[in-house]
Amino acid sequence: MSSSSSIVSEEQQEEAGALESPLLLLEEEEEEEDDFCQNKRDGRRWEQLGMYVCLNIGNQMAWVQYTSVPKESAEAFGVPLSAVTALATAFPATYVPGSILAARAMRRGSLRSTLRESAFLMVAGSAWKILGAAVAFFGNRGGGYALTFLGQVLVGLGQPHLVNSPAALATDWFPVDERDLAATLGLLGSILGQAFGEALCPVVVQAAAAAAEEGIFVSCLFVSVPVVLSALWTFLRFENNDDDEGPLGGERRRRRRRTQEKTPTTGA
């Protein structure tokens with residue numbers, strides 16, 4: 001009787017161990033992920049976050065650039081105020097196609113390729129906006145507005161790459177206890193960008209404006225500075241947190257294989 005009970009007891013312990021081992025391995029995996037982020041990328045994670053914040057600032061300044069000086073923008077392009085509002089509306093209007101582009105960039109490559117694509121769209125859009133302001137300055141206001149609208153669409157397409165990325169950036173670069181802070185600081189760039197645009201663009205236009213067209217042209221040059229600088233910084237310095245592609249993709253795949261190898265298999 002005692003021998004049979006001991007056998008049952010051993011079987012129960014084995015079953016309990018089989019159930020507990022995956023949980024223990026998951027806990028170890030979380031600890032490994034924490035250690036991986038903390039120990040191997042500790043010195044660079046704040047720089048990566050800084051690039052993301054600066055991209056957000058440039059993007060949001062471009063969003064509110066014209067609505068912060070609506071009368072001057074309408075005069076420069078020879079359009080009604082509703083057309084100036086449409087320049088800002090281009091951002092929410094392009095959110096869905098921009099999100100599709102961002103998702104494809106993340107699946108195809110990595111967080112780095114996603115932010116680089118956003119930076120490229122922002123620089124390209126800023127170039128079209130400068131060209132549009134120049135065309136309007138030299139007398140073709142309708143053509144200048146069309147080019148400016150195209151520029152806003154391109155910059156707007158780059159916005160979802162940023163809006164949808166703070167969680168991925170925090171997971172990719174920061175240990176568990178810092179991720180909420182990292183995501184919050186990343187989103188703070190959007191607020192700062194809107195505040196800077198609303199506060200500084202009117203000052204730049206008024207200081208430069210012998211005519212509204214000139215003021216808008218100088219404003220485009222001014223807003224392009226943070227866009228271009230943050231884009232260059234991103235292209236030169238932004239890194240993935242793993243040699244493999246995707247946020248911690250290679251490291252996670254390696255740990256998943258180790259977990260599968262360690263997890264005991266039960267027969268039918």
Side-chain angles (χ1 to χ4, degrees), residues 37-38 40-65 91 98-99 101-102 104-106 108-131 151-152 154-175 178-179 181-201 204 218-249:
C37 295
Q38 181 68 38
K40 293 197 174 184
R41 300 301 187 194
D42 181 76
R44 288 180 287 174
R45 67 189 189 281
W46 296 110
E47 182 185 9
Q48 313 306 310
L49 179 61
M51 288 180 246
Y52 174 78
V53 170
C54 289
L55 284 173
N56 256 321
I57 289 175
N59 186 272
Q60 296 303 298
M61 287 182 68
W63 184 9
V64 302
Q65 174 184 353
F91 272 60
S99 295
L101 291 176
R104 287 181 176 178
M106 184 66 78
R108 182 178 65 248
S110 60
L111 181 60
R112 176 172 58 185
S113 64
T114 302
L115 296 186
R116 283 182 172 182
E117 184 172 294
S118 175
F120 174 79
L121 289 168
M122 289 166 57
V123 171
S126 296
W128 281 106
K129 289 166 64 175
I130 292 172
L131 179 60
Q152 283 290 91
L154 290 174
V155 179
L157 286 172
Q159 184 187 37
H161 297 65
L162 304 173
V163 174
N164 299 337
S165 294
L169 177 67
T171 301
D172 198 353
W173 275 97
F174 287 82
E178 292 181 353
R179 287 178 186 169
L181 174 63
T184 302
L185 292 176
L187 293 175
L188 183 62
S190 298
I191 300 173
L192 291 175
Q194 292 181 34
F196 290 161
E198 292 284 357
L200 297 178
C201 287
V204 171
V218 174
S219 174
C220 288
L221 293 176
F222 171 73
V223 172
S224 70
V225 171
V227 170
V228 172
L229 290 180
S230 61
L232 286 175
W233 191 14
T234 300
F235 271 94
L236 293 174
R237 297 284 297 173
F238 194 88
E239 303 177 49
N240 290 321
N241 199 10
D242 198 325
D243 294 332
D244 207 340
E245 293 179 341
L248 286 178

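From a predicted model like this one, the values you see are computed outputs, not experimental measurements. These values consider heavy atoms only, across backbone and side chains, with no hydrogens, waters or symmetry-generated copies.
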Would Ser165 and Leu111 satisfy side-chain contact (heavy atoms from CB on, under 4.5 Å), going step by step from the backbone distance to the final call? CA-CA 8 Å; Ser165 294; Leu111 181 60; 4.0 Å; yes
Would you check, one step at a time, whether the test side-chain contact (heavy atoms from CB on, under 4.5 Å) holds for Ser126 with Val223? CA-CA 8 Å; Ser126 296; Val223 172; 5.8 Å; no
Walk me through it: do Leu162 and Met122 pass the test side-chain contact (heavy atoms from CB on, under 4.5 Å)? CA-CA 11 Å; Leu162 304 173; Met122 289 166 57; 4.2 Å; yes
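Below 30°, between 30° and 60°, or above 60°: for Trp63 and Phe91 the angle between ring planes is below 30°, a parallel geometry.
Judged purely by atom type and a 3.5 angstrom limit, Arg112 has no side-chain atom pairing as donor or acceptor with the backbone of Asn240. Proximity of a side-chain donor or acceptor of Ser113 to a complementary backbone N or O of Ser110 within less than 3.5 Å is detected. Asn59 places no side-chain N or O within donor-acceptor distance of the main-chain N or O of Leu55, the cut-off being under 3.5 Å. Checked by atom type and distance alone, the side chain of Arg116 pairs as donor or acceptor with a backbone atom of Phe235 at under 3.5 Å.
Of all the heavy atoms in Ala231 and Val123, the pair that sits closest is CB-CG2, 3.5 Å. Taking all atoms of both residues into account, the shortest heavy-atom contact from Ser230 to Pro226 is OG-O, 2.7 Å. A pairwise comparison of heavy atoms in Trp173 and Arg44 identifies CZ3-CB, 4.0 Å as the closest pair. Annotation for Gly197 and Met61: closest pair N-CG, 3.9 Å, computed over non-hydrogen atoms.
Atom CZ of Arg179 and atom CG of Asp172 lie 9.5 Å apart (nearest 0.5 Å). Note that OG1 of Thr114 is 13.0 Å distant from CZ of Arg104, once rounded to the nearest 0.5 Å. Between atom CD of residue Glu178 and atom CG of residue Leu49 there is a gap of 10.5 Å, rounded to the nearest 0.5 Å. Here the NZ atom belonging to Lys129 is positioned 4.0 Å from the CD atom belonging to Gln152, to the nearest 0.5 angstrom. Atom CZ of Arg45 sits about 11.5 Å away from atom CG of Leu169, to the nearest 0.5 Å.
When each of Gln194, Glu198, Gln65 is paired with Gln60, the side chain to side chain donor-acceptor pair (under 3.5 Å) condition holds for Gln194 and for no other.
Taking 4.5 Å as the limit, every side-chain heavy atom of Cys54 sits out of range of all side-chain heavy atoms of Leu229. Considering only heavy atoms from C-beta on, Leu101 stays 4.5 Å or farther from Pro160 through its side chain.
Taking the ring centroids of Trp233 and Tyr52, they lie at or beyond the 6.0 Å cut-off.
Every salt bridge (charged side-chain N to carboxylate O under 4.0 Å, His left out) that Arg237 has, sequence neighbours left out, goes to Glu47.
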Validation: residues 181-191 side-chain donor-acceptor distances under 3.5 Å, sequence neighbours left out:
| from | atom 1 | to | atom 2 | distance (Å) |
| --- | --- | --- | --- | --- |
| Thr184 | OG1 | Asp180 | O | 2.8 |
| Ser190 | OG | Asn56 | OD1 | 3.3 |

